[in-house]
S.K.: 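Can you read through this structure? Questions will come right after.
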Amino acid sequence: MRPQYFTTPIYYVNGKPHIGHAYSTVVTDALYRYAKVRGRPARFLTGTDEHGQKVERKAKEEGLTPKAFVDRLIPDFTSAWDALNCRYDDFIRTTDARHEAFVAELWKRCVQKGDIYLGAYEGWYSTTDEAYYTEKDVENGRAKETGSVVEWVKEPTYFFRLSAYTERLLAFYEQHPRFIVPEGRFNEVKSFVKEGLRDLSLSRNTVRWGIPVPGDPEFTIYVWFDALTNYVSALGDGAFFGALPDTDLFRTFWPAADGGGGEVTHVMGKEITRFHAVYWPAFLMSAGLPLPTRILAHGWMTVNGEKMSKTAGNFLPPAPIADAIGADPLRYYFLREIGLGQDGDFSHKNLLARYHGDLGNGLGNLLNRMVASIVQSAFGGLVPAPGASTALETALVETAQRSAEKARAEMDALASHKALEAIWELVLAANKYIDQCEPWKLAKDPSQKERLGTVAYTVLEALRWLSVMLWPVMPEKSDAIRQQLGLTPLMPTVDLDLWPSAWGGLSPGTKTRPGAPLFPRFDEDGERQVLARMGVTVAPKAEPAKPKKEKPVTDAKPETKPAASATLPEGVISFDDLMKVEMRLGLVRSAERVPKSDKLLELKVEVGEAEPRNILAGIGQHYAPEALVGRRIAVVTNLAPRPLMGRVSQGMVLAVSDEGGLSVLSPDKDITPGVRVK
Ligand code: MSP
């Protein structure tokens, strides 16, 4: 297995990191951790892009030298990545001496190849994007693609002979059909190149804050030539300047010409794919260096449905969100809610819904139900030995195996959201298994001790599998699960594939250590506080509405018998009428989509009866089934059973909706299922 080298884009340091940057870094960290779990030698590089006109201008505004200005901002980046559990191996700054020396070297190699020549540039330039634009890319003084302001630039410049690389790049794309993921982005890049490439301006003579052009210090090197080079310069040892890095790191992690060496995955947002997929390979070809293996272009994120912008003031810093709700839930949200490669939205509401639903009710509950209760009370806290298996165990083990294989294939295909979906099949199945086995009943019958041991072992082993599969996405929570199971933190080791495949790794007799709930519930006030810590101001509770002047009919003298419906004004019902509708509090035990229906979910809801009710609810476009499992909801229980799509619904879920969405009614405390709603 070839060593894996993962890189984030290096971030501009003209402001603090926001959740858009955090998204790039978390995606990279999760892929890197996954490689480690699979036993591959892996390296994770991030860093900062510090040269260029933008920084030069900002520093001047603040009366600082550019270096002093950027130095001041670096801790914001490193501490944000720490707060998000991102554990990079190296942090490169484009102002590092090891980097500057290698940029000059790469330049010289391109010159020797005859690919850099002096000319004059006249055209549009956007300092915000640090990008050159042609006439057709510009509309009303702004770049069409990014909306950034452009200015007309006319200056002598060194050009890179990009036009000479059109055919070679197309041939390379042809030979490497998975070079860019997702495919749509790859197609965009191919059509851009097919139109024919123009030579690229590679220097500025009006910008001082940059690496000087070797032999002509009147000019500084264009920021992208400088920035892209970080991926190689970071593999140098910092001592050997100039030429190619002559280091083990370089030989291990950069692809070699003979097909050996490492595999490189550059992760970035879609707007900078072209720089990585066209310019960077061309520079490397010119310098005679092998090309990176793949480019993962992720989508863009809006915040609560709005584009991030200065005017909206919604460049959310990631650290307060992680501090308020935990780094791992935020990581989970990024990787589950946003399809990797697609655009997505960061919404505080959905983050909390995922937290309470998938994480609290799904995963946290699973651990709690077994480790904190049954294993303690029935087995003195020790992992029991499993007895004979029934069809239920066989089915759960099969689900675990399917889930692990699917999740592994999806991670290999860089589709973390699908991997998490596959992993959640196991979370749901394990919860359902507990419901089916009813261990709380087994615990009351001493003759069922062995059976109880089998049930407990099966769930604990499923949790062990989950602790490995979830580690790339939620390292801290996975280790917390392991701790409660009595295991050591996951310790990825080169050449040891830890991905679960063999059932039964958990040793009977292991001492479990029940701990605090992984995802403690927030009640309404708690949620308010969490949101406040994330910087969201929540409107205070609405004042109770003032009583209307006219006395409402229902306020009629309490001592008198409620009026019969017949004597009430039209549209008004009596208390007896209201009591005819039996509404109960239900606990959702399982939820599944009804095949061939977008809308219908089939729920099993415990309403205080021997059997849970089967209820079909038309809420599938608003809730993922797993977000409902474990949730308490209000249900009408005396509605005549209703056949729907070949099934029968034995009740109705109460919900409210408006144009902003639909919400199922739930109490804000864990009230006992089955009690009447009144
Ligand atoms: N300095 C260049 C990259 C040079 S790499 C050799 C740069 N820096 S950046 O700070 O502007 O952006 C870095 C990353 O943040 C990009 O991957 C970009 O896609 C990501 N994001 C910035 N805003 C974003 C969103 N709104 N949503 C998701 N990611 C976005 O570009």
Side-chain angles (χ1 to χ4, degrees), residues 6-29 31 45-55 58 70 73-74 76-77 80-81 84 86 91-95 99 102-103 106 126-131 143 145-148 185 210 221-234 264-281 283-284 292 295-310 312 314-318 330 333-335 337-347:
F6 296 92
T7 67
T8 70
I10 48 171
Y11 301 101
Y12 287 132
V13 262
N14 42 32
K16 294 175 189 262
H18 56 68
I19 54 163
H21 303 134
Y23 182 61
S24 293
T25 312
V26 165
V27 165
T28 317
D29 184 72
L31 295 176
L45 172 72
T46 189
T48 42
D49 189 354
E50 305 184 4
H51 292 123
Q53 202 161 14
K54 231 181 323 183
V55 167
K58 282 248 182 172
V70 288
L73 283 165
I74 298 302
D76 288 322
F77 285 84
W81 308 153
L84 288 170
C86 293
F91 190 100
I92 185 138
R93 301 180 53 180
T94 51
T95 48
H99 173 73
F102 184 65
V103 171
L106 197 73
S126 157
T127 304
T128 313
D129 303 340
E130 299 286 13
E145 195 186 339
T146 56
S148 307
R185 297 269 157 248
I221 296 180
Y222 171 46
V223 276
W224 275 96
F225 186 91
D226 167 357
L228 289 160
T229 305
N230 88 88
Y231 303 129
V232 174
S233 60
V264 179
T265 306
H266 292 316
V267 177
M268 74 207 61
K270 61 182 182 184
E271 83 289 3
I272 55 175
T273 318
R274 188 198 301 174
F275 298 92
H276 287 80
V278 181
Y279 304 166
W280 179 225
F283 301 155
L284 289 168
I295 281 170
L296 169 63
H298 67 65
W300 263 50
M301 202 186 331
T302 48
V303 170
N304 297 319
E306 274 186 65
K307 198 168 170 230
M308 280 195 241
S309 71
K310 260 195 206 143
N314 55 359
F315 287 111
L316 303 182
L330 178 58
Y333 179 87
F334 278 161
L335 293 158
E337 181 95 4
I338 303 171
L340 199 45
Q342 291 144 32
D343 289 340
D345 185 47
F346 171 81
S347 125

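Note that ligands are numbered from 1 as they come in the structure, with each ligand's atoms numbered from 1 the same way. Heavy-atom basis, side chains included; hydrogens, waters and symmetry copies ignored.
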S.K.: So, 4.0 Å and heavy atoms of H298: is ligand 1 close enough to count as a contact?
M.R.: yes

S.K.: Is there a side-chain contact between T302 and D345, using heavy atoms and a 4.5 Å cut-off?
M.R.: yes

S.K.: Determine, considering heavy atoms only, which of H21, M308, H18 sits nearest to atom 23 (N) of ligand 1.
M.R.: H18

S.K.: Tell me: protein heavy atom nearest atom 2 (C) of ligand 1, and distance?
M.R.: I10 O, 3.4 Å

S.K.: For atom 24 (C) of ligand 1, what is the closest protein heavy atom, and at what distance to 0.1 Å?
M.R.: G20 CA, 3.6 Å

S.K.: Check ligand 1 against W224 and write out every atom of the ligand that is under 4.0 Å from a heavy-atom position of the residue.
M.R.: 2 (C), 3 (C), 4 (C), 5 (S), 6 (C)

S.K.: Please classify the E130 to ligand 1 contact at 4.0 Å (heavy-atom distances, strictly less than): side chain, backbone, both or neither.
M.R.: neither

S.K.: With a cut-off of 4.0 Å, which atoms of ligand 1 are near a heavy atom of D49?
M.R.: 1 (N), 2 (C), 4 (C)

S.K.: Output the list of atoms in ligand 1 that are nearer than 4.0 Å to some heavy atom of P9, sorted by atom number.
M.R.: 3 (C), 5 (S), 14 (C), 16 (C), 17 (O)

S.K.: Among Y12, Y279, W280, which one puts a heavy atom closest to atom 7 (C) of ligand 1?
M.R.: Y12

S.K.: Do the rings of H298 and Y23 sit parallel, tilted or perpendicular, given the 30° and 60° boundaries?
M.R.: perpendicular

S.K.: Which of parallel (below 30°), tilted (30 to 60°) and perpendicular (above 60°) describes W81 and Y11?
M.R.: tilted

S.K.: Taking atom types as modelled, find out whether T146 and D129 have a side-chain donor-acceptor pair closer than 3.5 angstrom.
M.R.: yes

S.K.: Between F275 and Y279, how do the two ring planes meet: parallel, tilted or perpendicular, split at 30° and 60°?
M.R.: perpendicular

S.K.: If the cut-off is 4.0 Å to any non-hydrogen atom of G269, which atoms of ligand 1 fall inside it?
M.R.: 16 (C), 17 (O), 19 (O)

S.K.: Among Y23, Y231, Y11, which one puts a heavy atom closest to atom 6 (C) of ligand 1?
M.R.: Y231

S.K.: Can a side-chain donor-acceptor contact be found between E271 and W300 if the only test is distance below 3.5 angstrom?
M.R.: yes

S.K.: For G299, counting its heavy atoms only, list the atoms of ligand 1 lying under 4.0 Å from any of them.
M.R.: 28 (C)

S.K.: Can you say whether the rings of H18 and F315 are parallel (under 30°), tilted (30 to 60°) or perpendicular (over 60°)?
M.R.: tilted

S.K.: Which residue supplies the protein heavy atom nearest to atom 16 (C) of ligand 1, what is that atom called, and how far is it?
M.R.: E271 OE2, 3.7 Å

S.K.: Against heavy atoms of M268, which atoms of ligand 1 measure under 4.0 Å?
M.R.: 17 (O)

S.K.: Considering only non-hydrogen protein atoms, determine which one is nearest to atom 27 (N) of ligand 1 and report residue, atom name and distance to 0.1 Å.
M.R.: M301 N, 2.9 Å

S.K.: Which ligand 1 atoms are under 4.0 Å away from a heavy-atom of S24?
M.R.: 14 (C), 15 (O), 16 (C), 17 (O), 20 (C)

S.K.: Give the atom numbers and elements of ligand 1 that come within less than 4.0 Å of a heavy atom of A227.
M.R.: 6 (C)

